[in-house]
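Values below: all heavy atoms of this structure, side chains included; hydrogens, waters and symmetry mates excluded.
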Amino acid sequence: VDAEGRRVFELTLRSGSRQFKDGAATGTWGFNGDYLGPTIRAARGETVLFNIHNTLGETTSVHWHGMHLPPTADGGPHQSVHAGTTWSPSWKVDQPAASLWYHPHPHGETARHVYRGLAGMFIVDDEESAALALPKTYGVDDFPVIVQDRSFDGDNQFDESSGLFTNVGILGEEILVNGTYAPYLEATTTRVRLRLLNGSGSRVFNFGFTDGRGFALIGTDGGLRAEPHGTNRIQLSPAERAEIVVDVAPGEKVILRSYAAEDLDIDPFSQRFDGGDDVFDVLELRGAATLTESPAVPGKLVDVPKLDVDKSTETRKFQLSGFNLNGKSMDMDRIDFGVEKGTVEIWELENGDQQFHNFHVHDVQFQVLKVNGENPPEHLRGWKDTVYLRPGGKTKIAMEFKDFADPDMPYMCHCHVLYHEDQGLMGQFVVL
Ligand code: C2O
Ligand code: CU
């Protein structure tokens with residue numbers, strides 16, 4: 001904490017190497033360490049200041065995915081951090097407790113920078129969530145689970161080439177969790193909380209346990225749910241998060257697996273080549289011989305106030321098709337639209353393709369109103385900043401633009417399949 005009461009973080013972007021598996025070490029990028037970055041933690045109401053030092057040989061940026069903050073601190077493609085320089089954004093954290101994340105966002109290069117290892121989790125805490133009887137001791141019964149697909153070439157280096165016949169860019173054939181190959185987690189409590197982040201560039205994961213056990217979905221991208229939802233599957237497209245609580249028995253072993261994705265591509269050929277049929281073992285959960293008893297998951301979590309859609313003043317339509325948003329490719333010098341500060345907007349998202357996309361909006365957490373005309377499924381009820389868009393599907397979302405107006409600096413909205421984003425499936429808007 002500095003003299004002005006700001007919590008100060010130092011993050012150095014650097015290259016390194018890591019021994020993921022037998023054989024040669026793999027060349028990597030990371031924040032402070034060799035691969036990924038530290039879990040950042042800040043409480044609602046705190047002002048944070050980051051000193052981001054770029055020691056990589058090239059320009060990048062660092063975006064705070066899911067964070068409500070001024071556009072100048074957002075870390076999008078306009079906040080370049082050039083090689084050898086330091087960028088120092090600061091803002092007051094003011095949003096519900098959530099599992100957010102951070103990653104580079106240089107225009108046209110995001111997929112490559114994330115693939116090399118630049119990503120980390122950013123946990124926001126608040127009093128309401130701290131008061132709940134949920135597992136919350138970091139590294140003991142509360143774990144970040146950053147899931148990424150990677151391919152290694154014959155020399156154990158990351159293979160950055162796109163798959164054959166795929167429309168989504170790089171699809172890795174192996175899984176890293178928190179930068180660990182063939183990971184396991186030894187639980188010492190009867191319940192563990194997993195903060196799942198799909199940190200892949202293009203791959204969709206459909207998580208479940210190999211014995212079919214249920215778990216409680218307690219949080220979505222932007223915070224805790226109103227109440228837990230019992231399920232045995234949670235599908236996450238790139239950048240989406242889910243917080244789950246799962247029961248563990250003493251001495252047992254169970255695997256968190258990613259199953260074939262649902263609604264990925266209409267065409268069976270693309271379904272296969274875009275990774276929809278792939279199954280991966282993600283993480284082995286091992287129960288210690290004796291476990292500390294955890295409290296039951298509370299039946300009520302937090303208030304998730306419904307956005308007042310009736311007072312919305314603007315409905316916009318967005319079509320994602322090819323690498324274009326509403327027929328246009330991203331142009332750094334073009335602002336696509338302006339929204340009025342203090343208003344609720346409804347956005348109608350349409351996937352005009354035979355294959356999947358998703359959609360992410362900077363600065364806000366939104367609520368899903370409809371999916372193909374129906375009320376949203378349970379796993380989409382809660383704060384979201386990224387939503388999966390099935391082929392040919394329509395999804396209606398609502399969001400409120402608060403606090404930060406800046407006619408000169410835009411926020412981004414885009415497909416978070418990083419290859420699509422890099423190819424231009426992104427637009428820019430200002431809050432006025
Ligand atoms: Cu996670 Cu615009 O990004
Ligand atoms: Cu896309």
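Among residue pairs with one or both ends in residues 125-141, those qualifying as salt bridge (Lys or Arg N to Asp or Glu O under 4.0 Å) are Arg41-Asp125; sequence neighbours excluded. Pairs engaging residues 144-155 under the salt bridge (Lys or Arg N to Asp or Glu O under 4.0 Å) rule: Asp149-Arg203 [sequence neighbours left out]. For residues 99-112, the salt bridge (Lys or Arg N to Asp or Glu O under 4.0 Å) pairs, not counting sequence neighbours, are Glu58-Arg112, Glu109-Arg112. Among residue pairs with one or both ends in residues 211-227, those qualifying as salt bridge (Lys or Arg N to Asp or Glu O under 4.0 Å) are Asp211-Arg213, Arg213-Glu252, Asp221-Arg241, Asp221-Lys384, Arg225-Glu227, Arg225-Glu378; sequence neighbours excluded.
For Tyr184, the OH atom is loosely surrounded, since the number of other residues' heavy atoms within 6.0 Å does not exceed 12.
Scanning for side-chain contact (heavy atoms from CB on, under 4.5 Å) contacts around Lys92 gives Thr47, with sequence neighbours left out. Under the ring pair (Phe, Tyr, Trp, His ring centres under 6.0 Å) criterion, Phe20 pairs with Tyr35, Phe152, Phe158, sequence neighbours left out. The side-chain contact (heavy atoms from CB on, under 4.5 Å) test applied to Lys396 returns Ile346, Glu348, Leu369, Lys370, not counting sequence neighbours. Under the rule for a side-chain contact (heavy atoms from CB on, under 4.5 Å), the partners of Pro377 that lie at least two apart in sequence or sit in another chain are Val371, His379, Leu380. Remark: His362 pairs with His63, His105, His360, His414 by the ring pair (Phe, Tyr, Trp, His ring centres under 6.0 Å) rule, at least two apart or across chains. Residues forming a ring pair (Phe, Tyr, Trp, His ring centres under 6.0 Å) with Phe366 (at least two apart in sequence, or on another chain): none. In this view, Gln235 satisfies the side-chain hydrogen bond (donor to acceptor under 3.5 Å, both in side chains) rule with no residue, not counting sequence neighbours.
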Show every donor-acceptor pair shorter than 3.5 Å between a side-chain atom in residues 161-173 and any protein atom, with sequence neighbours excluded, or say none if there are none.
{"from": "Ser161", "atom 1": "OG", "to": "Asp159", "atom 2": "OD1", "distance (Å)": "2.6"}
{"from": "Thr166", "atom 1": "OG1", "to": "Val168", "atom 2": "N", "distance (Å)": "3.2"}
{"from": "Thr166", "atom 1": "OG1", "to": "Phe273", "atom 2": "O", "distance (Å)": "3.2"}
{"from": "Thr166", "atom 1": "OG1", "to": "Asp274", "atom 2": "OD1", "distance (Å)": "2.9"}

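Taking the six-membered ring for Trp, Phe9 and Phe31 have ring centres at least 6.0 Å apart. Annotation: Trp64 is in aromatic contact with Phe50 [ring centroid separation under 6.0 Å].
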